[in-house]
Structure formats: C-alpha cells, structure tokens
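Take a look at the structure set out below.
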Amino acid sequence: MNREICPHTGFSTAQQKQWPLLHSHLLGTLELGDIESISPEYLKGLSEEIKTSISTSRMSKQETKARDRIFQHLKRNIERKLNGSQLHAFGSTQSRTSLGVGDLDLCLVVDAPSPRKILNKVRNILNDLDMTEIEVIGRAKVPIIKFKDPETGLPIDISVNNELALYNTELIRAYADTHPMVRNGVLSIKYWASSRAINQAFMGTLSSYAWTLLAIGSMQADPHINLPNLQKDAKPNVLNLDDTYDVGFHSEPASPWNPNMDHATCFVSFIRRFVFDWPFEHDVVSIRNGGTVSRNEKGWAEGEPDAWTLLPDHLDRRLGEHSMPIEDPFSLNHDLSRVLRPAGYLTIREEFLKAWVGMLNGATWIELSKKEKSTEIQPFDLFEDLRDVPMDKIHALHQETVDQLNRSEEDGKKLSSQRRSIGQAIQFALGKRTTPPEGSIDDEESVSNEISESKSQLDELIVKRDELVSNIVISSPKVSETLRQTFARITEQLDVMNIPLLEREQELASLFFELQEIHPIAKEVDRLNREIHYIKKPLHGNIKHLNKSEKKIKRNIRSNRKKSKSLRREKGRLESWIRIKDGGKKTRRNDRSGKRQPRGPKPSEVKKKLNSGEALSMDDLSTLLQHGGVLNMNAGQDDPRKQRKGKRNKNKSSNYQVRRGKRGQGKNESKRE
C-alpha cells in the first residue's frame, strides 16, 4: 500500500482519494466560485426537483395510520398493566419532519426509582403482545428497550422518563409550523444527509436530530431568511428532572413572518454557509441563541485531539470534546456532536464541498442526493494465509504454536503462583494469616523474608507487651502522671484547718508504693511500644511495595491470558486446516477398530481381592457397587456387555413355566379356559 503522506495536510494517499475535495480545499487549489455562479434557472429547476423528491418520500396516510394504530395498541396495554404510567410518542413523526423512514420513538413516563426494573416489566408486556427482537439497553444514559412490531416490522424504541425529548419534539414542530418552507427546508437537508449516509450517529457522524438543529440554526443566521427565535423572551417553564431545565418557548412568532424563499434557496443557503463560513471555528450552533453563540461565552473550547492531529494513522481514536459543537435547545450542557468520530467529521466536510461543487457544475438533485454506496463486505476466509503454504511448514508452524502455548501457560501458572504468594505475604504481614506465604515470590523474595523476620519480631514484642499490660491496673502513659500526683498529695503542706483522715493518708501511701512497683513495668511497656512502632513502619512500607508488585503481576496475568487465548485460537485454526487437508477426518480418542479398553477393574479381580483379604481401592469399590455388592457379584461375568447379552438370551428362552395370568392372556388361552 502506498503510504506517501502529504506534508501540508497530513493525508495519506488513500485518504486523499477518500476526501479529494477537502484535501484540495486545504491546499488552496479548489475553485469554489460564489452564489452568483449559480443561475436563477438552475435554482428554479432544482427547487422543483427537491419538492418532488420530498413529496414522494413523505410518509403515506396508510403508514401514518399504521404507526398510530401500533402506538395506541402499545399505549393501551402498557398503561393498563403499569399503574400511573403514561406512554407518549415523540421524534420526527410527531414534529412532522419525518421522511417516512426510521423507527417509532416512544417515551414512558412513570414514577419509579429504577428505570431498568420498569424496562424488565415492559419486556414482559411486550412478550405477551408477541413483539419480536426485544432488547433491553438498561445501562445507557437514557435506558431504552428496542423491539419490532411483528406485522409491519416497524422498529420501535421505548425510553423511560425521557420527558425532555417530548419538549424538544414540540419545539421542532413549532418551528416547522411557522411557515411551510421551514418544514420543507428541514426535510430537504435531512434528505440530503440521509442519502449521503452522514446522519448515522452510531457510525461516527451526526444524528438526524442534530441535522434538524443545523437546518434551523442556519435559517436563523441567514439574514435573507431570518427565521424567528421562538425561545427568545419566552415565559419560563421550569422542568425538574435529573437537573433543572427551562423548556419555555413561543408556539408561534411574536410578529408576522412571511419569507420569500423556496426549496432550493434554503438548501443552497445551508450548503454555502458551511462551505464559506464554517461556524465551528469560534462558535457553537445554538437555536436557543438565534443561530450561534461564541465558544468563549459558552465555555466550550475545542478539546484535543482534533481530526487533523489524528491524521493519517489514528482516525480510530475518539475526537476531543466540542469538535463540531451543537447545543441542545433545552439541555444546555448536551453537545450533540459528541458522537463524532474523526472519519465522520472529515466526511461531513467533504460532503458539504461536494454538494457545493456539484451545484456550481449544474448537478441535478438526483445527483446531489445520490445514495451513498455501502461498502461491500468481502467474504471472510479463515484460512486465507494458509492456502498456499506447504503442509510441512503448516505442521512446523503448528508445533511452534503449541510450544509457545505451553510456555505461555507455564508462565501463567508461575505468575498465578507468585500472585498467590504475594497475597499470602500481605495477609501474613497484616495479621490475617498465621503462617508465612507458601511458595517463592522470586523478585520479591527478599521483601518477603524481611516481612517474615519483622513479623516474627513484632509478634514476640506484642506477646511481651501484652503480658506486662495484664499486670498493670492503669494504662502505661498514665502511671508516671498518677505517681507524680500521688507524691504531691502526700508531701503537700498540711492545712491545720483541714487535716486529712488517717485512713486517707494510708490509702495514698499504699497507692504510691503500688505505683512505684508498677512504674518500671510501665516504662518497659512504653519501650516495647516504641520498638513495635519502629518495626511496623518498614513493615507497612514492605506491604505497600508488595501491593504494587501484585498489581503489576495482575497486569502481566491479563496480558498472558490474552496471549494464551490468541495462541489457542491459532492452534485450533491450524489443526482445523490440517484436518481439512487430511480429508476432513477428525482425530478420535477411541479407535473403534481396536478393542475398547475396559473402564475400571474387572469383577473377578475385585472378588479375588476380597477372598484374599487385600485392601480395596476406590475403583474396586465402584465396581463392587455396580455389580450389586459382595453377595451378588458374579466373578465370571466381567464384561457388562456380556451381562446384557445374557439377559437378552434369557428372555428369549422357551422354557416357560405354566402359571395363571390375570390380564392380557391370548385368545387361545381364554378359549381353553
């Protein structure tokens, strides 16, 4: 592959072919012209083409009725089985900006602490309604359940307590109702984005809702259109959900507004704006602010890395924050461009340029909105790299893989043993284990030995201290202080007016002499406590060191497991290819052409052991139990198959005894009687 990199743009040769207009634009070699280059006759014809395309793509009355019927069916059943719940529809269908494709978006409003539990209940209801392909996505920011209607195949999403989306839908519908051309302008831009496959958020481009906001923001910012801002000076309507949101807006423009524009005018204005005046350099698209708001005012500086930094080899990495910022009109901290990937960002830039150049060259609407060809998925060949390799090299490669796998598994066992030993050493140092660690710790052996020695000394000192403490009435730090206080009481000058009793003097003297006896012991306890502290300090340092080593070994174990898994997969692949080349025969554990090895000892051998008085193994006891115990064991019947054969022959014997039966006698017997 040609890896020549453009020194000016950073595009590789393949990327120059993928985004040729953007590459030329960055080099300054792309002639963009101006709107005067587009003739009025062309715009008139383009407007008619867009109008026809939108009218044919709109949802039919039958489809609208079918969606409404499904919604009412779900609403009736879910609200009946979930007390206090309400099911609402939202999205482009409700805002009347739908192109007739896409799923049905529903919102379940219910007072419940756990949306995931509610979704599980909804799943049970949907199962009873025979819905198909039910999938609960409970860990998303907005938990949803996805499924399909069995009759129409319509994809449906139900989110829980996503009330903000209901107000978003009402706002978009209010904008669409201000003038028919607003709705048509939004539809033409969404149609173009959908046809060019740049409205797929899961693929790293923008969502359909984001393109709707871009369309409205463009019409607000264009001085020739000047779409009114329905949120400006609106009466506050505070909604308390996970945060506080002001969802107030005007249902219609404050003053009459009747723009002079058609389908082509709106589309051309939109494309021209993003080609000549890319707004995201310094601004954020914000319909709440009438089109845009500066990055500085919003506090949304472009994060790193940007798409140009990731060229040419790192386009799989995530873009920095606010690379193409689009503010949600109510959730003001939500940037709808957070789903963008580097390749998606560059593709969007390329598509704007491609549409503008196409219009300069007189391209029809069919050409401008030509469906993007999906990449053809090549059939996967598991053995592609092995087909032309000689079998002797295949066998050598297989043996090498087996050797690597064995070494990797041995390393894994060694790492696991080291981790276990380190864990035992940590538990031993913390006093949670009474015995030193089992096994070696290799590089940490010296630390483990230090811990063992320190722990041994620590245990001895603690035992000595505890013995001395048991002989002290009061704690060692208080002995000296109490002794001084008692001595001061005994030797203080007598007050002739308040002479203490003789018994009290005797108690103080007795306490003084007792404290004198305890004082050396308390001093020894204090000394032992200091030694314990000096030993514990390096011991805790060793524990921290072992904790770091354990984390390092954990990482090595994960890496080793990943490597072993890859080697096992490669080993299985090579063995499969070897079997295919050998004619598709699988190696079998038991060769049926030979004699089958008996399982366990023979009954005759067990009986001989019993008769001779030898000790029986577990296998001998198992054989004994299988053959009915000591009394019922037949030493002559060693093979279970012979026993079964003998039973069958016995059943076939003609030596029947005459007896009177109760039921099921043959006709001849009945007649004789």
Side-chain angles (χ1 to χ4, degrees), residues 19-22 24-25 30-59 92 96-101 175-176 178-199 205-206 208 210-227 257-279 285 291 347-373:
W19 302 298
L21 297 178
L22 179 59
S24 300
H25 180 58
L30 181 64
E31 294 292 336
L32 291 177
D34 202 351
I35 195 167
E36 285 77 11
S37 304
I38 303 176
S39 65
E41 291 77 13
Y42 171 77
L43 291 177
K44 184 177 179 180
L46 181 63
S47 183
E48 290 298 324
E49 291 177 0
I50 296 175
K51 181 179 179 180
T52 303
S53 178
I54 291 176
S55 62
T56 55
S57 65
R58 279 181 177 172
M59 195 180 302
S92 58
R96 298 179 182 176
T97 57
S98 173
L99 291 169
V101 294
Y175 273 112
T178 56
H179 193 276
M181 286 312 306
V182 175
R183 176 179 290 106
N184 291 330
V186 171
L187 289 174
S188 63
I189 291 166
K190 288 178 65 175
Y191 185 92
W192 167 76
S194 175
S195 301
R196 301 305 301 163
I198 51 176
N199 68 334
T205 57
L206 295 174
S208 178
W211 284 106
T212 301
L213 296 182
L214 287 178
I216 294 173
S218 177
M219 284 186 272
Q220 288 177 329
D222 191 334
H224 299 95
I225 300 175
N226 199 20
L227 175 63
W257 179 72
N258 189 21
N260 183 18
M261 64 176 185
D262 54 19
H263 295 77
T265 303
C266 182
F267 182 75
V268 172
S269 172
F270 176 78
I271 298 297
R272 182 178 182 276
R273 168 175 167 75
F274 287 95
V275 168
F276 291 95
D277 185 20
W278 184 253
V285 170
T347 301
I348 290 172
R349 296 291 300 267
E350 175 74 14
E351 289 300 329
F352 276 117
L353 293 169
K354 188 178 294 184
W356 182 254
V357 172
M359 288 187 290
L360 290 178
N361 294 327
T364 63
W365 176 247
I366 295 177
E367 294 172 339
L368 293 174
S369 60
K370 184 179 180 182
K371 293 287 184 181
E372 181 69 18
K373 293 182 179 179

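Side-chain contact check for Trp211 versus Ile348: some heavy-atom pair is nearer than 4.5 Å. Side-chain contact between Leu353 and Trp356 is absent, with no heavy-atom pair separated by less than 4.5 Å. Side-chain contact between Ser39 and Lys44 is absent, with no heavy atoms from C-beta onward closer than 4.5 Å. Inter-residue side-chain proximity for Val268 and Tyr42 is flagged as unmet; no heavy-atom pair is nearer than 4.5 Å. When side chains are defined from C-beta on, Ile216 counts as touching Gln220, because their heavy atoms get closer than 4.5 Å. Contact check for Asn226 versus Pro259: no side-chain heavy atoms found under the 4.5 Å cut-off. Annotation: side chain of Ile38 is in contact with side chain of Leu360 (closest heavy-atom distance under 4.5 Å).
No more than 12 heavy atoms of other residues, nucleotides or ligands shown are found within 6.0 angstrom of CD1 on Ile366.
Separation of atoms CD1 (Ile35) and CG (Leu43) is listed at 6.5 Å; rounding is to 0.5 Å. Distance OG/Ser188 to CG/Asn184: 7.5 Å, rounded to 0.5 Å. To the nearest 0.5 Å, atom CE of residue Met261 and atom CG of residue Leu227 are 7.5 Å apart. Interatomic distance, Lys354 NZ to Glu367 CD, rounded to the nearest 0.5 Å: 12.5 Å. Annotation: the span from Cys266 atom SG to Ile50 atom CD1 amounts to 8.5 Å, rounded to 0.5 Å. Between atom CD of residue Glu351 and atom CG of residue Leu22 there is a gap of 11.0 Å, rounded to the nearest 0.5 Å.
Here the closest non-hydrogen pair linking Asp222 and His224 is OD1-N, 2.9 Å. For the pair His263 and Ser47, the tightest heavy-atom approach, listed with the atom from each and the gap, is N-OG, 3.4 Å. The minimum heavy-atom distance between Ile225 and Ser269, with the atom names listed, is CD1-OG, 4.2 Å. The two atoms that bring Pro279 and Val285 nearest to each other are CG-CG2, 4.5 Å, heavy atoms only. When all heavy atoms are compared, the tightest approach of Lys190 to Thr212 is CD-OG1, 3.4 Å. Nearest heavy-atom pair across Lys370 and Arg196 is O-NH1, 2.7 Å.
Each of Phe276, Trp19, Trp192 was checked for a ring pair (Phe, Tyr, Trp, His ring centres under 6.0 Å) with Phe352, and the lone residue meeting it is Trp192.
The stretch residues 261-277 participates, sequence neighbours left out, in these salt bridge (Lys or Arg N to Asp or Glu O under 4.0 Å) pairs: Asp34-Arg272.
Formation of a donor-acceptor pair under 3.5 Å by the Thr52 side chain with backbone atoms of Glu48 is found in this model. A donor-acceptor pair is defined here as one N or O able to donate and one able to accept, closer than 3.5 Å; such a pair exists between the side chain of Ser24 and the backbone of Pro20.
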Verdict with supporting geometry, Leu99 and Leu187, side-chain contact (heavy atoms from CB on, under 4.5 Å): CA-CA 7 Å; Leu99 291 169; Leu187 289 174; 3.9 Å; yes

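Residues Ser57 and Tyr191 bring no donor and acceptor atom of their side chains to less than 3.5 Å of each other.
Tyr175 meets the ring-ring contact (aromatic ring centres under 6.0 Å, His included) test with no other residue; sequence neighbours excluded.
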